[in-house]
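Each remark here refers to the structure printed beneath this line.
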Amino acid sequence: MPMAHSSALAIARQSVRGALLLPDDDGFAQAAQPWNRAIVQTPAALAVPADLDDLRVLIAAARDDGLTVAVQPSGHGASGDLSGALVIRMSAFHDLALDLDAGIVRVGSGVPWGTVVTALEGTGWAAPAGTSPVVTVAGYTLGGGHSWFSRTVGLGSDNLRAAWVLRVDGRHERVDDESDPELLWALRGAGGIVGIVTALEIDLIRSPSIWGASFTFDASASGAVMRAVRDLAYDAPPELNVFVDSMRMPDAPVLPEELRGQSFITVQGLTTDGPSDRLLDAMRAVGSASRETTGPTSPATIAAASGEPTEPTPGRGASAALSSLEDSLIDELLAFRAQPEHWPIMGIGIRMLGGALVAPRRSGFAELREARWLLHALVPVFPGAAPEPADASIAEFDRVLSSALAPHTVPTFLGPGQTLELCGAPPAVDRLRAVRTALDPDGILHEGRLPR
Ligand SMILES: Cc1cc2nc3c(=O)[nH]c(=O)nc-3n(C[C@H](O)[C@H](O)[C@H](O)COP(=O)(O)OP(=O)(O)OC[C@H]3O[C@@H](n4cnc5c(N)ncnc54)[C@H](O)[C@@H]3O)c2cc1C
């Protein structure tokens, strides 16, 4: 973007206390990259406001320059084209206040989940956090957010009590279901397209006795493991949450020796109320696991063991919410997994849905009422590895799952270029557009995942 198009921002630079970078500035290209390095984005400007006053100045300047405003705290969920946008990073909004008597955390929109999880360790409370400690509470919660505890307490967005929102007209206020139910409904899943959130108030999870179990089986047991977990879902209590990961590790030098070239399947279970005999019985009936660990655990322990990357990383993937996991689909998935040409897909994760997800406590755009399984394919990009024929593998993964798709998926699991139309029925999407038009009639906010 030539400087001539950024004159108001160039002037704003003299008054903002935070950082404001334009394309000709040193370090712009590096700073403008999203956390997911596989996504190329070329915004018109990048800002790290120091406070609310900065934010107001930046929005006004972007409007004067004919730019849109896109809040992107880090860019795990970067979707692609941000040309003509001022990208805003919220790292200066880092307040964190726990109210354990009320079971609530109030958190600034630049705070990553790892900070909250660490602050809660040993308190008997847990957060409805995703698996990555470096994803922000805001980016996750405003996109729905599926956590280790979603069968117990619903989506992250279902636990959003209130938000502090800067409207495009400059008003900054706390909104909740009483003061502005339509805005709250939209923030629960479609956050970035209706307002700029500076802080969130979130329900915590009372969890004095978190218990976890982890089983690793040889890949040859994959069919039996998937069927056992599928059957367990029919009568599993909502306190039990289960993730399955089918892993095929590449022979990449960057990996530990014991993992290189190995194929295996893991089942991890987590409860908020102590040991789950249902899970133990189901897994032990499958056969002997090569590794089994069970016992009391904690969210910080789980986060540390998750192996999620904490540094910016190129990654690709695909995901789908399914309404069922029939034997025929499991067979097809395993046949797909056995084809050597689909080696770019290193992991396939299967998360058990249901439980509290079936009856959300609060009204929100994001919901997984009708889905029973959330699948995702992990396609990492290893340094030094040959360029991957990943597109064909992702397309085939999508094709295999297409017969069992649930009506909607959750926004935080959308891939690059996918839109919110995949996450809600047409009336819900129309309602979202209406909320956006009412709040942002001039289209100051970037269109995000809902094209105008
Ligand atoms: C390794 C890894 C693990 C993950 N695990 C999970 C998981 O377990 N469960 C899950 O649900 N998701 C998971 N995700 C997806 C992740 O939650 C989403 O991509 C999330 O949106 C990323 O958060 P972020 O902080 O990077 O936000 P960004 O990608 O920077 O922003 C995402 C969007 O959020 C909105 N937004 C963010 N902040 C604000 C704000 N202050 N005001 C208004 N709008 C805002 C904007 O629309 C923005 O486009 C994972 C992603 C990765 C890379």
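Residue numbers count from 1 along this sequence. Quantities reported herein were computed from a predicted structural model and do not represent experimental measurements. Start at 1 and go down the list; that is how both ligands and their atoms are numbered.
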- prompt: Which of the atoms in ligand 1, numbered in the order shown and given with their element, are less than 4.0 Å from a heavy-atom of S132?
  reply: 2 (C), 3 (C)
field: atom 1 (C) of ligand 1 within contact range, any protein heavy atom under 4.0 Å
entry: yes
- prompt: Does ligand 1 have an atom that lies less than 4.0 angstrom from a heavy atom of G145?
  reply: yes
task: Report, in ascending order of atom number, the atoms of ligand 1 lying under 4.0 Å from any heavy atom of G77.
output: 19 (O), 22 (C), 29 (O)
task: Give a yes/no verdict on whether any heavy atom in P73 is under 4.0 Å from an atom of ligand 1.
output: yes
- prompt: What part of R89 sits under 4.0 Å from ligand 1 if we count only heavy atoms: the side chain, the backbone, both or neither?
  reply: neither
message: Tell me the contacting part of F413 for ligand 1: side chain, backbone, both, or neither, using a 4.0 Å heavy-atom threshold, strictly below.
response: side chain
- prompt: Going by the angle between their ring planes, with limits at 30° and 60°, are H342 and F336 parallel, tilted or perpendicular?
  reply: tilted
message: If you measure every N or O of I196 against every N or O of ligand 1, does any of those distances drop under 3.5 Å?
response: no
message: Distance to the ring centre below 6.0 angstrom and angle to the axis at most 45 degrees; does that hold for R351 and W373?
response: no
query: Can you list the ligand 1 atoms lying under 4.0 Å from a non-hydrogen atom of V135?
result: 17 (O), 22 (C), 23 (O), 25 (O)
- line: Quick note on ligand 1: atoms under 4.0 Å from a heavy atom of G130 include exactly 7 (C), 8 (O)
Part of T136 with heavy atoms under 4.0 Å of ligand 1, whether side chain, backbone, both or neither: both
- prompt: Is G195 near ligand 1, meaning one of its heavy atoms is under 4.0 Å from it?
  reply: yes
- request: Check each heavy atom of S109 against ligand 1 and say whether those closer than 4.0 Å belong to the side chain, the backbone, both or neither.
  value: side chain
message: For atom 5 (N) of ligand 1, what is the closest protein heavy atom, and at what distance to 0.1 Å?
response: T131 OG1, 3.1 Å
- prompt: Should you measure from each heavy atom of E308, which atoms of ligand 1 turn up under 4.0 Å away?
  reply: 1 (C), 3 (C)
Ligand 1 versus H76: contacting region, heavy-atom distance under 4.0 Å: both
query: Taking everything shown except E258 itself, do over 12 heavy atoms lie less than 6.0 Å from its CD?
result: yes
task: For A138, take its heavy atoms, then give the atoms of ligand 1 lying under 4.0 Å from any of them.
output: 38 (N)
task: Using a strict cut-off of 4.0 Å, indicate which atoms of ligand 1 neighbour a heavy atom of R351.
output: 7 (C), 8 (O), 9 (N)
task: Give the residue, atom name and distance (to 0.1 Å) of the protein heavy atom nearest atom 7 (C) of ligand 1.
output: H146 O, 3.5 Å
query: Tell me: protein heavy atom nearest atom 18 (C) of ligand 1, and distance?
result: T412 CG2, 3.9 Å
query: Should you measure from each heavy atom of L142, which atoms of ligand 1 turn up under 4.0 Å away?
result: 39 (C), 40 (C), 42 (N), 43 (C), 44 (N), 45 (C)
